[in-house]
Amino acid sequence: MSLVDALEPLSCCPHIVVVIGKGGVGKTTVSILIAMELSRIGKTLLLSLDPAKHLARYLGLSGEDFKEVNNHLHVRQVSIEKEVRRLTSKYAELLQEILPSLAVLNLDNIVNAIKYTPGVEEEVLLSKISEALRSEYNYVVIDTPPTGVTLRTLALPKLYLTWLSKLIEIRERIVSLRYVIARTLGKSVDVRDKALLKLYDMREEFKLLDSVLCSDARASYVLVATPEPLPMYELKETYEFLKSNLGVKPRLLVLNKVLPDSIAFELGQQEMQKDFLKELGSFGISYAVIEHLRKPTENMSDIEALKTKIKVFKQ
Ligand SMILES: Nc1ncnc2c1ncn2[C@@H]1O[C@H](COP(=O)(O)OP(=O)(O)O)[C@@H](O)[C@H]1O
Ligand SMILES: [Mg+2]
């Protein structure tokens, strides 16, 4: 049985597979394994949002890049810094358009404030996921940054929807007041308000994102850990986060870099490894165990070799 067998059934319009885990556990490696397999059943995009850019090394890409590995598998490595610059100029243009009274000086200050605002990285990640949802692919595999940033990103649509409903309420009140005043003064007034229309668009976008990210049918979460205390701790935290904030259960848990029993014994790690394996099975979710290749995986032939080291337990 393969990793994708454990994920099925998968809708494909597109179906989003989000691979989450602590830095270094093998998110990128597992993302490639899953994307390669999915590309055999449908058009697949492997979208790497991981700043570590290990994907680029595996596939010989450089910087932010796009590559057609073959007809069915496309790979995109996103450069967060570049995207932050693009997002800030997009917002500057938008502000100029909907609030033309802003002086140029003010606008520069606002652009700088946006660039250094906490959360701008999460905003970029979310915009990339949003783009992927509207794409023509059947499957989009998302290789994520380390857990903290990923979870904050996944929580954003709900937070934005709360803010937006309040902002829309305030803006609607302003627009209707403006209308009443204009009527009283006998002036004609354009009831279309650019800012309000933009807020409505944003609400639609975040509703779509939220509904897909919280849907078992449209999104699958794959949590990766290695048999070590911290990665396992993060896996459990992520499980709880997904359950309580998005109301979803991960589809697959992966324990990567598992040592063969004899070596684990020599290193005194046999008991710990066994305990973690037992713990993984206790979630009642399908899980996979990937053996340590005994050397760092560096290229696609190492990935091929890794395929023979996977055991899947479907629950
Ligand atoms: N099963 C494995 N056996 C050997 N090396 C592995 C295995 N899985 C991952 N690695 C190596 O571990 C390092 C981290 O893997 P990577 O997929 O980049 O993790 P992440 O994306 O979570 O940071 C890389 O050097 C990779 O080659
Ligand atoms: Mg990575």
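Here the structure is a predicted model, which is why all the values come from computation and not from measurement. All values below were derived from every heavy atom in this structure, side-chain atoms included, with hydrogens, water molecules and symmetry-related copies excluded. Atoms within each ligand, like the ligands themselves, are counted from 1 in listed order.
Close N/O approach between G23 and ligand 1 is not found [any backbone or side-chain N/O within under 3.5 Å]. For the pair L293 and ligand 1, the shortest N or O to N or O distance falls below 3.5 Å. For ligand 1, the polar-atom distance check finds no N/O of D143 at less than 3.5 Å from any of the ligand's N/O atoms. For the pair P296 and ligand 1, the shortest N or O to N or O distance does not fall below 3.5 Å. The distance criterion of under 3.5 Å between nitrogen or oxygen atoms is met by E291 with respect to ligand 1. Looking at ligand 1, you won't find any N or O of R294 less than 3.5 Å from one of its N or O atoms.
In summary, the side chains of N256 and T226 do not present any donor paired with an acceptor at a separation below 3.5 Å, with no hydrogens or angles considered. Of the N and O atoms on the side chains of S48 and D143, at least one donor lies less than 3.5 Å from an acceptor on the other residue. A donor and an acceptor atom, one from each side chain of T44 and H74, are nowhere located under 3.5 Å apart. Between the side chains of E237 and T147, no donor N or O sits under 3.5 Å from an acceptor N or O. No hydrogens or angles considered: a donor-acceptor pair under 3.5 Å links the side chains of T29 and Y58.
Closest heavy-atom approach to atom 20 (P) of ligand 1 within the set E298, H292, K27, K22: this belongs to K27.
Nearest to atom 12 (O) of ligand 1 among the protein's heavy atoms is K257 NZ, 2.9 Å. Scanning the protein heavy atoms around atom 19 (O) of ligand 1, the nearest turns out to be G26 N, 3.0 Å. Of the protein's non-hydrogen atoms, H54 ND1, 3.5 Å is the one closest to atom 16 (P) of ligand 1. The protein non-hydrogen atom at the shortest distance from atom 6 (C) of ligand 1 is T297 OG1, 3.6 Å. When hydrogens are left out, the protein atom nearest atom 1 (N) of ligand 1 is N256 OD1, 2.9 Å; that is the closest non-hydrogen contact.
Remark: distances from the non-hydrogen atoms of G24 to ligand 1 include one below 4.0 Å.
At a 4.0 Å heavy-atom cut-off, ligand 1 touches D50 through the side chain alone. Contacts between K309 and ligand 1, counted as non-hydrogen atom pairs separated by less than 4.0 Å, are absent for every part of the residue. The proximity of D302 to ligand 1, defined as any non-hydrogen pair under 4.0 Å, does not occur for either the backbone or the side chain.
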Inset, instruction - Go through L209 and Y160 one step at a time and tell me if the side chain to side chain contact (heavy atoms under 4.5 Å, CB included) criterion holds. - result: CA-CA 11 Å; L209 261 166; Y160 281 170; over 6 Å; no
Inset, instruction - Check step by step if side chain to side chain contact (heavy atoms under 4.5 Å, CB included) holds for L252 and I285. - result: CA-CA 6 Å; L252 176 66; I285 295 172; 5.6 Å; no
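Taking the charged nitrogens against the carboxylate oxygens, R85 and E81 have no contact shorter than 4.0 Å, which rules out a salt bridge. The pair E83-K128 meets the salt-bridge criterion, with a side-chain N (NZ, NE, NH1 or NH2) lying under 4.0 Å from an Asp/Glu carboxylate O.
The minimum distance between the Mg ion (ligand 2) and any N, O or S atom of D50 involves atom OD2.
A continuous path of hydrophobic side-chain contacts links V124 to F66 [ILVMFWY only; heavy atoms under 4.5 Å].
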